[in-house]
Amino acid sequence: MQGEAKLEQRVVETAEKLLSKRKAVTALDVLTGIGWLTDNVVDAWHRGRVPVLTAALSVPPEKLTFALNALQRWAKGKALESTEIEHVGATRDRTPLKAASGELAGLEPLFRTQWIMPGLSEAKRAQVVARQKKAPDLIVSVALKDWLCADCGGTGDLLFFENEKSYCLDCADLDHLVFLPSGDTALTRRAKKASRLSAVVIRFNRSRKRSERQGLLVEDAALRSAEEQCLADEDVRERRRGRDRERRAREDVEFTARFFAAITAMFPGCPPERARAIAEHAGLRGSGRVGRSAAGRELAERAVFLAVVASIRHLDTDYDDLLMAGVERQAARDRIHPAIEAVLDRWRS
């Protein structure tokens with residue numbers, strides 16, 4: 001069928017890009033790359049908020065099964081080495097996680113497989129395996145509303161969520177750690193490496209509907225050691241930062257050009273100046289827009305499509321006026337859907 005052939009092409013193209021970049025591929029990587037999974041969903045799964053990963057996928061079971069079987073066929077065709085992996089939670093006891101259950105239980109082995117590029121050096125292969133085995137970070141959240149610790153009944157500005165319960169840092173055995181705000185990459189990297197125990201601090205952004213990193217909890221001695229190292233090589237790191245800024249500027253130009261090409265290939269009737277504006281807007285660094293997502297950076301078809309739809313929604317319909325008039329978000333989207341489809345049809349021709 002045409003739909004299955006198109007889906008298999010998406011899976012294969014995404015897997016090829018991941019293999020070239022990471023030298024290994026997993027089912028989670030591919031599902032995230034094609035836009036079926038988001039970082040927020042995977043994070044919720046790691047933290048125990050989603051007991052089974054497939055339950056959070058709004059994809060028909062037969063479609064998910066076909067996609068993962070297509071991934072397995074591709075891996076066999078490439079003669080990739082398969083190794084078994086284990087997914088563990090971002091919890092203190094590192095509870096093993098289940099990706100599939102029920103009618104999809106047969107897919108669990110595919111979720112527990114990592115396909116590795118053959119012919120890697122021993123050192124590179126060890127690096128790839130170690131990256132996959134690395135347990136997810138412990139997560140501490142900034143409290144946005146009143147709450148009580150499940151153990152002591154206390155509260156605080158930060159909480160640790162585990163097994164559907166919230167705990168204060170004292171009861172979570174994280175109270176001896178100190179907070180290091182985000183901003184200095186070298187300091188954060190060195191402090192985390194030196195700290196035997198650490199946790200990422202996040203805050204949920206209601207307007208963007210996603211969690212955003214605020215900093216890191218690390219041991220005090222590790223932070224002091226990292227600060228001393230950073231002071232010793234500040235000049236070197238400043239020169240490196242200058243080179244990195246130049247490289248990122250070049251990457252942004254290249255990314256915008258590729259995003260523009262993807263838009264015009266999918267919608268040849270889209271005016272060139274509009275396609276370029278969409279590409280620049282979607283790919284703005286640090287914006288949180290679809291172009292900066294993993295799927296967007298890999299130019300997944302759905303990410304490009306969503307960027308185009310977003311532009312039409314705001315510029316070619318009365319969607320914003322409806323929101324300002326108090327119309328509920330989903331009702332406003334339903335009302336403008338025919339107008340969006342009309343523009344898409346014109347641009348497809």
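Judged by distance alone, the side chain of Asn69 and the main-chain N or O of Thr65 form a donor-acceptor pair under 3.5 Å. Between the Ser20 side chain and the Glu16 main chain, no donor and acceptor come within less than 3.5 Å of each other. With hydrogens and angles disregarded, no donor-acceptor distance shorter than 3.5 Å links the side chain of Gln114 to the backbone of Ala24. Arg94 places a side-chain N or O within 3.5 Å of a backbone atom of Pro136 that can act as its donor or acceptor partner. Side chain of Thr317 to backbone of Arg313: a donor-acceptor contact under 3.5 angstrom is found. With Ser182 contributing its side chain and Gln214 its backbone, the two residues share a donor-acceptor pair below 3.5 Å. A donor-acceptor pair under 3.5 Å links the side-chain atoms of Glu328 to the main chain of Gln330, judged by distance alone. In this structure, the side chain of Asp318 does not engage the main chain of Asp321 through any donor-acceptor pair within 3.5 Å. Looking only at distances, a side-chain donor or acceptor of Glu219 sits under 3.5 Å from a matching main-chain atom of Arg196. No donor-acceptor pair closer than 3.5 Å links the side chain of Glu81 to the backbone N or O of Pro118.
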Exercise for the section: Could you walk me through whether Leu71 and Thr14 pass side chain to side chain contact (heavy atoms under 4.5 Å, CB included), step by step? Expected result: CA-CA 10 Å; Leu71 172 62; Thr14 302; over 6 Å; no
Practice task
Under the side chain to side chain contact (heavy atoms under 4.5 Å, CB included) rule, what do Trp74 and Val11 come out as? Steps first, then yes or no, please.
Solution key: CA-CA 9 Å; Trp74 167 83; Val11 169; over 6 Å; no
Exercise for the section: Evaluate the side chain to side chain contact (heavy atoms under 4.5 Å, CB included) criterion for residues Ile116 and Val129: first the C-alpha distance (whole Å), next the side-chain angles of each, then the deciding distance (0.1 Å), finally the verdict. Expected result: CA-CA 9 Å; Ile116 302 176; Val129 172; 4.0 Å; yes
Exercise for the section: Give the C-alpha distance, both sets of side-chain angles, the deciding distance and a yes or no for side chain to side chain contact (heavy atoms under 4.5 Å, CB included) between Glu280 and Arg276. Expected result: CA-CA 6 Å; Glu280 292 174 349; Arg276 187 166 299 282; 3.7 Å; yes
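Met117 places none of its side-chain heavy atoms less than 4.5 Å from the side chain of Lys124. Using a 4.5 Å heavy-atom threshold, the side chains of Leu64 and Leu31 count as touching. In this structure the side chain of Phe66 reaches within 4.5 angstrom of the side chain of Glu8, judged on heavy atoms. With contacts defined as side-chain heavy-atom distances shorter than 4.5 Å, the pair Val142/Asp157 does not qualify. A heavy-atom distance below 4.5 Å is not found between the side chains of Arg22 and Val128. Taking 4.5 Å as the limit, some side-chain heavy atom of Glu341 sits within range of a side-chain heavy atom of Leu344. Lys193 places none of its side-chain heavy atoms less than 4.5 Å from the side chain of Arg190. Considering only heavy atoms from C-beta on, Trp147 comes within 4.5 Å of Leu159 through its side chain.
Residues meeting the ring pair (Phe, Tyr, Trp, His ring centres under 6.0 Å) test with His314, sequence neighbours left out: Tyr319.
Between Ala191 and Ala226, the shortest heavy-atom distance links the atoms N-CB, 3.5 Å. Across all their heavy atoms, Cys230 and Ala186 have their closest contact at SG-C, 4.0 Å. Taking all atoms of both residues into account, the shortest heavy-atom contact from Leu323 to Ala332 is CD2-CB, 4.2 Å. Of all heavy-atom pairs between Arg49 and Pro51, the closest is O-CD, 3.7 Å. Contact record, Ser198 with Leu177: CA-CD1, 4.3 Å, taken as the closest heavy-atom pair. Taking every heavy atom of both residues into account, Thr256 and Ala279 meet most closely at O-CB, 3.6 Å.
Looking at Lys6 and Glu301, a side-chain N of the basic residue comes within less than 4.0 Å of a carboxylate O on the acidic one, giving a salt bridge. Contact check on Lys192 versus Asp137 returns a salt bridge, with a Lys/Arg side-chain nitrogen under 4.0 Å from an Asp/Glu carboxylate oxygen. Comment: Glu86 does not engage Lys133 in a salt bridge, judged by the lack of any side-chain N to carboxylate O separation of less than 4.0 angstrom.
Atom NZ of Lys78 is surrounded by 12 or fewer heavy atoms from other residues, nucleotides or ligands within 6.0 Å. Around CG of Asn205, the count of heavy atoms belonging to other residues, nucleotides or ligands within 6.0 Å exceeds 12.
Put simply, OG1 on Thr26 and CG on Leu18 are 8.0 Å apart, with the number rounded to the nearest 0.5 Å. Between the CZ atom in Arg47 and the CD atom in Glu164 there is a gap of 11.0 Å [rounded to 0.5 Å]. From Ile34, atom CD1 reaches atom CG of Leu7 across 6.0 Å, with rounding to the nearest 0.5 Å. Atoms CG and CG, from Leu19 and Leu80 in turn, are 5.5 Å apart once rounded to the nearest 0.5 Å. From Phe179, atom CZ reaches atom CG of Leu169 across 11.5 Å, with rounding to the nearest 0.5 Å. Between His46 atom NE2 and Leu53 atom CG the span is 8.5 Å, to the nearest 0.5 Å.
When hydrophobic clusters are built by joining Ile, Leu, Val, Met, Phe, Trp and Tyr residues whose side-chain heavy atoms come closer than 4.5 Å, directly or via intermediates, Val59 is grouped together with Trp45. Under the 4.5 Å side-chain heavy-atom criterion for grouping Ile, Leu, Val, Met, Phe, Trp and Tyr, Leu217 is not connected to Val200 through any hydrophobic cluster. By the criterion of side-chain heavy atoms lying less than 4.5 angstrom apart, applied directly or through intervening Ile, Leu, Val, Met, Phe, Trp or Tyr residues, Val52 is not grouped with Leu104; the two fall into different hydrophobic clusters. In this structure, Tyr167 is not a member of the same hydrophobic cluster as Ile202, with clusters built from ILVMFWY side-chain heavy atoms closer than 4.5 Å. Linking ILVMFWY residues whenever their side-chain heavy atoms come closer than 4.5 Å, directly or via other members, places Val42 and Val30 in the same cluster.
Side-chain contact, Gln72 with Trp115: no donor N or O sits under 3.5 Å from an acceptor N or O. Side-chain contact annotation: Thr38 with Asn40, donor-acceptor N/O pair under 3.5 Å absent. Residues Arg112 and Thr83 have side chains that never bring a donor and an acceptor to within less than 3.5 angstrom of each other.
For the pair Arg210 and Phe204, the NZ or CZ position fails the cation-pi test of under 6.0 Å to the six-membered ring centre and within 45 degrees of the ring normal. Annotation: cation-pi pair Arg274/Phe260 absent, no NZ/CZ under 6.0 Å from the ring centroid and within 45° of its normal.
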